[in-house]
Amino acid sequence: MRFVLGLLIIFARLTVCYKFLAFSPQFAMSHVNFLAKIADTLVDAGHEVVILAPRVNPSIKGALAKKARVIELPENEFTKRWSAGEERLMDLYWNASMITLAMEGSEVMQNILRAANGESRQ
């Protein structure tokens, strides 16, 4: 009887699977792609994975996971303001000189944070 109970406990430990909730804001394709591959790998290993994916960047079309369950949250006012500030920051980063970045970079970041908090520009 102890032998059967021991085998039952061993088999019960071998069949343990976990539930994962992955938070994957869709703001950069590399992040979305990487997390989707991790989620699909966990599903292949027998786990249940749910990806919560708020849309931040409208150019990214979905969470890219093939096997995990995906809950997509539509773009809202916060993400629209964030996206607008991020576009300005990327434009400044890629098209400006180092001196301009040093002078304006902190101001741009402050404007992004103000927009995210719903404050007006001063």
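One-based numbering along the sequence shown. Please read all numbers here as calculations on a predicted model, not as lab measurements.
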Using every non-hydrogen atom in the two residues, find where [X] and [Y] come nearest and quote the distance to one decimal.
X	Y	value
Ala63	Ala53	CB-CB, 4.2 Å
Ala65	Ala36	N-CB, 3.7 Å
Val32	Pro25	CG2-O, 4.2 Å
His47	Tyr18	ND1-N, 2.9 Å

Measure the [atom1]-[atom2] distance between [X] and [Y] for me, rounded to the nearest 0.5 Å.
X	Y	atom1	atom2	answer
Ile51	Asp40	CD1	CG	7.0 Å
Glu72	Lys61	CD	NZ	10.5 Å
Glu48	Cys17	CD	SG	7.5 Å
Asn57	Met29	CG	CE	10.0 Å
Gln26	Leu35	CD	CG	10.5 Å

Is Ile71 reachable from Phe23 through a run of hydrophobic residues whose side-chain heavy atoms are each under 4.5 Å from the next? yes
Would Leu52 end up clustered with Val50 when hydrophobic side chains under 4.5 Å apart are linked, directly or stepwise? yes
Backbone N/O of Ile60 and side chain of Arg55: donor-acceptor pair under 3.5 Å: yes
With Glu75, which residues qualify under side-chain hydrogen bond (donor to acceptor under 3.5 Å, both in side chains), at least two apart? none
Taking ring-ring contact (aromatic ring centres under 6.0 Å, His included) as the test, write out the residues that go with Phe34, two or more places apart. none
